[in-house]
K.L.:
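Structure in structure tokens, see below.
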Amino acid sequence: MAQKPYTITLIPGDGVGPEVAKAACRVLEATGVPLRWEVQNAGAETMEREGALLPQAVLDSIRRHKVALKGPITTPVGTGFRSVNVALRQSLDLYACLRPCKSYRGILSRYEDIDIVVVRENTEDLYAGIEFERGSAGAAKLIETIAQDGYPRLGLDTGISIKAISEAGSRRIVQFAFDYARSHGRKKVSAIHKANIMKFSDGLFLEVARDVAKGYQNIQFEDVIIDNLCMQLVIRPVQCDIRVLPNLSGDIITDLCAGLVGGLGVAPGANLGEQAAVFEATHGSAPRYAGLNKVNPSAMILSGIMMLRHLGEREAADRAEAALAQVLAEGREVTYDLKPTRDDPSAVGTSQMADAIIRRLRR
Ligand code: NAD
């Protein structure tokens, strides 16, 4: 009897999202795993059409099918436009952001043999969106309360963003990192923080991490201050294993680690919670390249491969990863960012790179 298809919520996103999403879907389908896509839209264009940035139907679809593949969605800087990506993670309580950064042969990069896994807390910290605008009544009230608590009085021209980190939020993300280490044969988890300065937020995160570590005797634990980590990553990145971080520093460090393995074009990710899993590349919507069939689909394809593993389709995932690795190693049918120079005329487009991967999958 034919295998029942998996129904996956597909959010193509905007900018380069639809192009890389299409490439990823084609590669995943070529593995032979039966997949049925339920397409849902979110973002600025959806707002214009349907009056909501993140329509309820999108959340309902993901809750129903429990798995989504998502393209990037634009968040304009410094406007009132709330990030759909952050809203999605918060609404579905996708508290763990898993971002593996692995070297593939053929990718021009300063380093080889990197295999770092970044586990980023996804719901708290400065990303929670608790902010008070300069000159607002809320900001004035907070400034007053802070002064009454004995701190220097902030000027009324101050804007305030709250960094809130909880014991429960820290416990579940550190436990996630250790459980991931245990199930993937990893030896060490490092908690990254700035607890020496932010004693009650990162300090709490560290205190909880130390406590959680006691329950995992076979996995080493260490803590590293984030500025020191940045230096270590640049000097000796190969030494790293699993890094668990609060939300904002996790965001920054994942881009740094993506840079170590060849750039955002090859950095996949997953947002995981108890109820649902949303797979998406680390990169954004790269609006400059939208519609040009130019950007690298690898990050999105690798995110889809993570999705196959999540579905239990390990063999198909391994085949797809091997086909992609082969195309990368050969270095011929790859996008501009993987060529020695950015204007290399032999670079192929997004869909042609997907074709090359599919051809190797079918051999
Ligand atoms: P970006 O990742 O979109 O692009 C930065 C640069 O990285 C690009 O100009 C390009 O040179 C390179 N790049 C990105 N993806 C690439 C790919 N697949 N292949 C080759 N090169 C690639 O980052 P940004 O410019 O800071 O953000 C643009 C928009 O995307 C913003 O609105 C931001 O909020 C949004 N964003 C969304 C997500 C998401 O949906 N999860 C994540 C990050 C940023």
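Counting convention: from 1, in listed order, for ligands and their atoms alike.
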K.L.:
Show me which atoms of ligand 1 lie under 4.0 Å from any heavy atom of Thr74.
P.N.:
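Counting atoms of ligand 1 from 1, those under 4.0 Å from Thr74 are 32 (O).
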K.L.:
Would you check whether Ile73 reaches within less than 4.0 Å of ligand 1, judged by its heavy atoms?
P.N.:
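The answer is yes, since Ile73 has a heavy atom less than 4.0 Å from ligand 1.
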K.L.:
Mind checking whether Tyr336 and Tyr289 have parallel, tilted or perpendicular rings, split at 30° and 60°?
P.N.:
parallel
K.L.:
Quick one: does ligand 1 sit under 4.0 Å from the side chain of Asn85, the backbone, both or neither, non-hydrogen atoms only?
P.N.:
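Asn85 to ligand 1: side-chain contact only, backbone stays beyond 4.0 Å.
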K.L.:
Any atom of ligand 1 sitting under 4.0 Å from a heavy atom of Glu19?
P.N.:
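Outside the 4.0 Å threshold, so no.
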K.L.:
Just which atoms of ligand 1 are under 4.0 Å from any heavy atom in Leu264?
P.N.:
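Every atom of ligand 1 under 4.0 Å from some heavy atom of Leu264: 2 (O), 7 (O).
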K.L.:
Tell me yes or no: between the side chains of Glu121 and Thr123, is some donor less than 3.5 Å from an acceptor?
P.N.:
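Result is yes, a qualifying pair exists.
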K.L.:
Does Phe178 have Arg186 sitting over its ring (NZ/CZ under 6.0 Å from centre, angle to axis within 45°)?
P.N.:
no
K.L.:
Under 4.0 Å, heavy-atom basis, I'd like to know which part of Asn296 is in contact with ligand 1: side chain, backbone, both or neither.
P.N.:
both
K.L.:
Less than 4.0 angstrom from a charged side-chain N to a carboxylate O is my criterion; do Arg120 and Asp251 meet it?
P.N.:
yes
K.L.:
Is there a side-chain contact between Ile173 and Leu245 (heavy atoms, below 4.5 Å)?
P.N.:
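The answer is no, as the side chains (C-beta and beyond) never meet within the 4.5 Å cut-off.
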K.L.:
With heavy atoms of Ala286 as the reference, note each atom of ligand 1 found under 4.0 Å away.
P.N.:
3 (O)
K.L.:
Under a plain distance cut-off of 3.5 Å, with no hydrogens placed, do Ser351 and Glu19 share a side-chain donor-acceptor pair?
P.N.:
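On atom types as modelled, these side chains do not qualify, holding no pair under 3.5 Å.
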K.L.:
Atoms of ligand 1 less than 4.0 Å from Arg288 heavy atoms?
P.N.:
9 (O)
K.L.:
Hydrogens and angles aside, do Ser190 and Glu222 bring a side-chain donor and acceptor to less than 3.5 Å of each other?
P.N.:
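Glu222 and Ser190 do have a side-chain donor-acceptor pair below 3.5 Å.
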K.L.:
Atom 43 (C) of ligand 1: which of Gly263, Gly284, Gly43 has the nearest heavy atom?
P.N.:
Gly284
K.L.:
Between Asn85 and Lys70, do the side chains contain an N or O donor and an N or O acceptor separated by less than 3.5 Å?
P.N.:
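Result is yes, a qualifying pair exists.
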K.L.:
Can you list the ligand 1 atoms lying under 4.0 Å from a non-hydrogen atom of Arg89?
P.N.:
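Reading through ligand 1 atom by atom, the close ones are 41 (N).
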K.L.:
Under 4.0 Å between a Lys/Arg side-chain N and an Asp/Glu carboxylate O for Glu112 and Arg105?
P.N.:
no
K.L.:
Can you list the ligand 1 atoms lying under 4.0 Å from a non-hydrogen atom of Tyr336?
P.N.:
20 (C), 21 (N)
K.L.:
With backbone taken as N, CA, C and O and side chain as the heavy atoms from C-beta onward, which portion of Lys70 lies under 4.0 Å from ligand 1: side chain, backbone, both, or neither?
P.N.:
side chain
K.L.:
Numbering the atoms of ligand 1 from 1, which are under 4.0 Å from a heavy atom of Glu280?
P.N.:
39 (C), 40 (O), 41 (N)
K.L.:
Is there at least one pair of N or O atoms, one from His283 and one from ligand 1, spaced under 3.5 Å apart?
P.N.:
yes
